[in-house]
Each structure stands twice: as structure tokens, then as C-alpha cells.
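Here the structure comes first, spelled out in C-alpha cells, and everything after it is commentary.
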Amino acid sequence: PEAVKERFDSISANEWLVRYAPFTHGDIDFGTENVREAEAKLLEVHTGDAVLVVHRTTWNGEQPITFVRLVHAPGHRLRTTL
């Protein structure tokens with residue numbers, strides 16, 4: 001609720017979350033989906049093309065803090081380290 005009061009002109013939403021809404025854990029889900037029409041226009045691909053989609057949720061205990069859905073154009077690569 002405190003974020004509603006913030007104008008985010010001197011701090012980014014991400015930085016605000018790091019400072020004021022710490023998380024205890026998170027999860028990331030990787031998959032493919034057929035791109036929706038609005039997203040296809042933004043990515044300059046055809047509606048229905050397969051794209052990489054990443055869903056990320058951060059939690060503070062049992063309370064979700066953030067959820068993001070990232071859609072990547074065909075050919076995008078994701079690299080992680082172990």
C-alpha cells in the first residue's frame with residue numbers, strides 16, 4: 001500500500017522494492033507460449049509465433065510481493081550459471 005504514495009520520479013520501482021519490500025525467496029518459471037496480438041506488434045513478430053516467456057514471483061514469507069511476465073522474441077537466449 002505504501003507504494004501508491006510514491007511518485008517514482010527520484011527512485012525506480014525496483015529500487016523502492018529493494019529498500020522497502022524485502023523478499024525472502026522467489027521463483028522463476030521458463031516456458032514457451034504463442035505470442036498474443038499486442039505483444040506480437042511490440043516484438044515485430046507474427047501473432048501466434050512461439051516465444052520464450054519467463055514468469056517471476058518474489059515472496060516475503062507466504063505473501064507475494066511482485067509478479068512479472070517477460071516475453072522474449074524468437075531467437076532470444078537466456079544464460080544462467082551454476
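Since this is a predicted model, take the numbers as computed values, not measurements.
You'll find the side chain of Glu33 stays beyond 4.5 Å of the side chain of Glu39, heavy atoms only.
Annotation for Leu43: hydrophobic cluster partners, listed by chain and number, are Val35, Val45, Val51, Val53, Val71 (ILVMFWY side-chain heavy atoms under 4.5 Å, direct or chained). With a 4.5 Å cut-off between side-chain heavy atoms of Ile, Leu, Val, Met, Phe, Trp and Tyr, the cluster of Ile28 takes in Phe30, Leu52, Val54, Val68, Leu70, Leu78. Grouping Ile, Leu, Val, Met, Phe, Trp and Tyr by side-chain contacts under 4.5 Å, direct or through others, puts Trp16 with Phe8, Ile11, Leu17, Tyr20, Phe23, Ile65.
Environment of CZ in Arg56: sparse, with no more than 12 heavy atoms of neighbouring residues, nucleotides or ligands closer than 6.0 Å. Counting non-hydrogen atoms of other residues, nucleotides and ligands closer than 6.0 Å to NE2 of His55 gives a total above 12.
The shortest heavy-atom contact between Pro74 and Ala50 is CG-O, 3.5 Å.
In this structure Asp9 satisfies the side-chain contact (heavy atoms from CB on, under 4.5 Å) test together with Arg7, sequence neighbours excluded.
Residue pairs meeting the salt bridge (Lys or Arg N to Asp or Glu O under 4.0 Å) criterion with at least one member in residues 72-82, sequence neighbours excluded, do not occur. The salt bridge (Lys or Arg N to Asp or Glu O under 4.0 Å) contacts involving residues 17-29 comprise Glu15-Arg19, where partners must be two or more places apart or lie in separate chains.
Atom NE2 of His46 and atom CG of Asn34 lie 14.0 Å apart (nearest 0.5 Å).
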